Amino acid sequence: MIAAPSTIPAGGAITTQLLEISIGPQHPSTHGVFRMDVVLDGEVVRALKPVVGYLHRNHEQLAEKMSWLGSMPYTDRLDYFNSMSNNWAYALAVEKLAGIKVPERAEYIRVIMAELSRLQNHASAIGFLLQDCGAWGTPLLYAFKEREKILDFFETVSGSRMMCNYFRFGGVRVDLNDEMLAMARKIVAEFPKFLDEFEKLMTTNEVVLARCQRVGILPKELAIAGSISGPVARASGVEYDIRKVDKYGVYGQLEFGVPVGAVGDVYDRYYIRVLEMRESVKILQQVLRDIPAGPVQAVEVKLRGFKIPAGDGYGRVEGAKGELGFYLVSEGGPKPYRYHIRPPSFINLTVLEDMCVGHKVADAIIILGSIDIVLGEVDR
Amino acid sequence: METIYQLLHVTFANVPAWTVQVAAFLIPIAFIFGVYPAIFALTTLVERKALGRIQNRYGPNRVGIFGVLQPLADGLKILLKEDIVPRVADKFTHFLAPVLIVVPGLLVYLVVPVAPGMVAVDLKIGVLFALAVGTMSAIALFMAGWASRNKFSLLGAVRAVAQVVSYEVPTVMAGVAVIMAAGTLSTLTIVQRQGGGILNISNWYVFRPWGLVGFVLFVIGGLAESARCPFDLPEAESELIGGYHTEYSGFKFALFQMGEYLAGMAMAGVTVTLFLGGYMGPGSGPGLVGSLIAMLWFFSKLAGMIMLNIWIRGTWPRLRVDQLMGFAWKVLLPLALVNIVAVGFWHFLTPRPLAWVVTTGWLVIWFLVLTKCNASAILEKREYRYV
Amino acid sequence: MNIAFWIISAVAVLGAVLAVTLRNLVHCVLALILFFIGIAAHYFLLRADFLGTVQILIYVGAVAVLILFAIMLTHNVTGVDGPKELLGVKWWSGAAIAATLAILLKKAILSDPLATLLPAGDKAQSSVAEIGKALVAGWVVSLEAIAILLTAALIGAVVIALEEIQKS
Amino acid sequence: MNYPGKGLVEGLAVTARNFVGSYFYKDRLTTVQYPEERIQTPENSRTFPFLVFDESPDKPRCTACKICEVECPPKCIYIVMDRDDKGKPLQRPKAFDIDISVCMQCQICVEVCPFESIKMDNDYEKSKYGRFNDLVQRLPDLLKSNDYYRQIKPVKAAEVDAKLKAEAEAKAAKKAAAVAAAAAKAAATPPAGSAT
C-alpha cells in the first residue's frame, strides 16, 4: 500500500517530504506501457506499486470464442519476442488434451526454434538491461545485430520475423530443408563469438559491476514463495528448469546444464542469461547434428473442424522468461471452454516492489530491466 | 586581444585609435561566437556518425553528401517546433534558464589560447576564471529543473547541482597541480611553459607523472561537470526521461543541447591547454605560418578530446548517484591532493631522474592504497553452479 | 569607467533589493546571485580579477547552491502562504540593523590604513601573488585557525551523515 | 593481469574495433539503405493475402465457399457470393474484402483454402494515408494472376500448379472414365433395349 505523501522524520530535526512520482506508462525505460507508482524519499524508493493493464487485449476471452487453431497466431502476440516458445506451450497443452503424438523430426525442429528464440530473447534482454544502465545503445545494438540473424532465419522458415505462427498441433507447419539447416548451423557457430565480444564489452566493466552487484536482491525463499520462474528464479538459486523437470519434447535426450546463481541480484540475473545462452548453443549444436529425417506433422490432425475430447490439460514450457503455461478446458467442441495462461513476465513482476524498496530510483529501473518483462504477456 | 590590437594598429596606422580598439575587442568575440558554435554543430554530426559506426550503423547520411547538412536540418527542424511551456511552470525562470546555460560555456573560451598570443583575454588568473565560470552552469541547470514544476526535472536539477559542485573540487585540485608547476594562473603562460623540448611535445604536462594523473582526473572531472556520459545523471534518459530539460521543447531545448556541448568542449579546451600543451606542437611558433600551424594543433587536439568523449559515451554505462558522489570524494579528491604533493616533490627534487622516480613512486603507492581502500565497492567474483 | 561603474552598481543594487523583496524564495536566491555577480563585476572593474573570480567560484558556485539546497528543506518555497505585509515591523527593524551595520563598516574601512595604501585604479597589478604571500606569511596563524575550524565542521558533517546512514 | 579499470579499457577496445571494422568490413553493417536497396524476401515470407486467378480476373480460383471467412481469427475477411439473375450461386465471389488494418498475417486462410485460391503476398509496401477505407482491400485489389504468384514464390507455385494439374487430370480422367462408362453403358443398353 502506498501512503499519501506525508512528512516523516528522516534523521535529526530535519523533516523531509516523500515524493510520489509516476514512472510510466510513457517513460522511456518501462519496456512498454507499464507504470510504476513510486514513492521516493530523496532518491530512495520507499514504496513501489506496479500498475498494469494498459495493453490489455482480452486475449483469453477471445480465445474462448475461437477455434483451437485460431488462437495459435494470437499466442505469438503474448510475448512477442518469443512467439516460437509461446506456440510450443499452446501446442503442447492441446496435444496433451487431444493425445496427439508428435513426429520426432518435428520435436527436433521445435527444440531448434525454442532455443533460437531463447538466444535472441536473452541477447536483447541483457541489451535492454544495459541500456537501462545508461550504456548509450551500444550493447543493445550489438545484441540486436545478432538477433537480426535469428529473425532472418525465422522469416525464412515460417514467413514472419516475429509473429511466426509456426507450430501446429502435432508438429510444425513447414519442414526445414538443407539450406535452412545450414543457415541455422551458421548462426549457432557465430553466436559464441558475439557472446565473447559482448562479455568483453560489459561483463567485467567496473561501472556495470558497481551498478548491478548487490542491487535488487531476490532471496531464494521469496522467489519460491512468489512462484518466480525462469532466469530470475535461477539467479536466486532455485534449481528449477522445466526442460529438466518435465523433459518435454526431446530435452530428455539432450545434454545441457542449467546455470544457477547464488546471490540473486541484478548482476546474477544478467550473467545467468549469458550462461544460459552458452548452454542453448550447446543444445542447438546437438540438435542440429542429430536431427532425424521424417514427417513433421502428425497425420491424424485436421486443420479444419478440429475437435478435442472433453477434459482439461495444462501444458507448459520453459520459455525464455520463465514457465509459460496454458491451461485449457475442453467440452469436446471446436472451441476451448476455458483458456488460461500462466504468463512468466506477469508473475515475475509481482516481486518487483520487494526487490526495489530501499534502493535508488535508478536501481528500480535496472531491476525492472533485469526481470525482463514484455507487456504483451503481462497485460494479455 | 593585445596581439590583435597591435597587429591592427600596425596594419591600419591611419584610422582612429578607438576604431582599432573596438575592432580588437570585437574580433575575438566574433571568433568565439562564430567558430565554437560551428564546432558544436559539427560535433553533433560527428558524434552521431561515430556512435553509429561504433554500433555498426551508418549514422546520418541522407541530408547532403555523407549527411554533412544534417546539423542544418536538425536546427531547422527544432526551430520549427512548437515551444511548449508547462502551465504551472515558473514562466520567467523557465525562459531564462536555457539562455543562461549557454553563457558559461562561451565565457570559458575567452581564456583558451588557440595560437601564440591568440587569446581573447589574457587574464592573469585565466585558469581560475575558466573553472569559476564553469560552475555557473549549475545555477542554470537548477533554474531549468526547478522552474519546470516537474518531479523528474527537479530530481535532475538536484542531481546536476550536487554533481557539478562535487566534481568542481577534484577538478580544481587537478588544475592546481599545473598552476603550481607553471607558477602562473595565466593560460597563455601555461601553454608557453609547455613548449620547447623534443618537437615541442616532450614538455607537455601530460608527459609528467603528476601530469598524467592530473590529466586523467581533469578529464573525468570535465566529463562530470559537463554532464557527459558516464556521468550524465542529470539527464539520465532511462531514469529521469530528460532530467532538467524534460519540459523543454523547440529552440529552448536546442539551447540546452548547445550549452551542454559548449561546456563539454570548453572543458576539453581547458584540458588541452593545461595538460596537452595547448597550441604547442611540431612547427607551431610565432609568425603567420607558425600561428596557423599552432591553431591547427590546438583544434586537432580539441577534436581528439571530443572524440574521446564520444568514444566513452558509446561504451560505458552510467553510474548511480551515490556511486558518483563516492567516486568524487573517495577516489578523485584524495588522488588530486596526493598529486599536489607530487608536484611539490617534482619542484624541489633537483636531479630530474630522482624527481621522476620519487614522484612516480609516491603516486603509485597512493594509487594502490586508494585502490585497496575502495576495492570493496566494486568487483565481486561470482561462482555459478550447473544442475 | 564611470559608466560601467554605475551600470554594474545599478544591477547589483537591483539584485539586492529584489533578493529581500521577492516572495518566492528561489527567486530571491536568483536575485542574490545577480547581486553576487554584480559584486564580482566590480572587482573586475577594479582590476582585482583574482577576487572577482573567487567571488564567482565561491559565492555563485558554492554559497548560492548551498542556499538553494537549504531552500529545498523549506516547506513554503513560493511564499504564498507567508505573511502578507511587506513593510512590517520586522522589515523596519531589519532595515535599521542593516543601516547601523553599513555605518559601522564604512567607519571601519575608512579608518583602516590599508584603504589609503591601495594603489590607484590602473596601476594595480594582479593581486594573486600578494594575496598568497600575505596568507602564508603575515596571516598564517589566522589561516591555520580557519583551516582547523573548517576541518572540524567537515568532520562534524561526516559524523552527522554517518549517523543517518547507520539509522537507515 | 588485473588492474582497476581493466573492464572499462577492454570495453573501449571492443568499441574501437567495431568503429574501425565498420569501415572495412561491409558485413558488419546490418543496416539496409532502404529505398535504394531492398532485401530479397525469402520464399516463405508473408505479408497480406491475395486471390489467385488463372487466365483472366473474371475467373478467380475462389469459389466463395467462405471457409476462410469462418476460420479467419481476427475476422477480417468479408465475402459475398455472386449469383445470377435467378439467384443461382455462380461459385465465384461478388465481393471479397480484406481489411488489412485488422489482418494479422497469420496465413490460416491460406492453409484452410481447399482450392489453392488465397495466397500470401510478400509486398511489404502497403502504407496508405487513410486509416479506414484505404486499408480495405477490395476484390479488384486482391486479384492477382498466377504468373505473379509464380514470380514471388517459384517453388511453392510449382508445387501448387503440379497439384492442381494432377487434380485436374484426375478429374478429367474421372470425367472421361465417367463419360466412357456412360458411353459404354449407353452402348451396352441399346442392344438390351433393342432386344426388348
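Sequence lines set the chain letters: A, B, ... in the order given, protein chains first and strands last, and positions in each chain run from 1. Predicted, not measured: the structure shown is a model, and the values here were computed from it.
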Query raised in the report: Is the backbone N or O of B:Ala224 less than 3.5 Å from a side-chain atom of B:Gln163, with the two atoms forming a donor-acceptor pair by type?
Result: yes
Report summary line: Highest number of heavy-atom pairs under 4.5 Å with chain B among A:Ala235, A:Ala262, A:Gly137 belongs to A:Gly137
**Report entry** Residue A:Asp268 versus chain B: region with a heavy atom under 4.5 Å
**Finding:** both
Query - Toward chain B, the part of A:Ile23 with a non-hydrogen atom under 4.5 Å - result: both
Query raised in the report: Checking A:Arg46 side chain against A:Leu18 main chain: does a donor-acceptor pair fall under 3.5 Å?
Result: no
Query - chain B contact via A:Gln26 - side chain, backbone, both or neither, heavy atoms under 4.5 Å - result: neither
Query raised in the report: Is it the backbone or the side chain of B:Val321 that comes under 4.5 Å from a heavy atom of chain A, or both, or neither?
Result: side chain
Query raised in the report: Given that the side chain runs from C-beta out, which part of B:Leu233 has a heavy atom under 4.5 Å from chain A: side chain, backbone, both or neither?
Result: neither
Query raised in the report: Which of the residues A:Leu141, A:Ile365, A:Val207, A:Val260 is involved in the greatest number of heavy-atom pairs with chain B at under 4.5 angstrom?
Result: A:Val260
Query raised in the report: How about B:Phe256 and B:Tyr244: are their ring centroids closer than 6.0 Å?
Result: yes
Query raised in the report: If you count heavy-atom pairs under 4.5 Å between each of A:Val215, A:Asp363, A:Ile366 and chain B, which one has the most?
Result: A:Asp363
Requested in this report: Using only heavy-atom distances, determine whether the side chains of B:Glu247 and B:Ser153 contain a donor-acceptor pair under 3.5 Å.
Outcome: no
Query raised in the report: Should the pair A:Glu146-A:Lys193 be classified as a salt bridge under the 4.0 Å nitrogen-to-oxygen rule?
Result: no
Report summary line: Most heavy-atom pairs under 4.5 Å with chain B, out of A:Lys145, A:Gln131, A:Glu239, A:Arg234, belong to A:Glu239
Query raised in the report: With the threshold set at 4.0 Å, does a side-chain nitrogen-carboxylate oxygen contact exist between A:Glu115 and A:Arg243?
Result: yes
Requested in this report: Verify whether the ring centers belonging to B:His94 and B:Tyr248 lie closer than 6.0 Å.
Outcome: yes
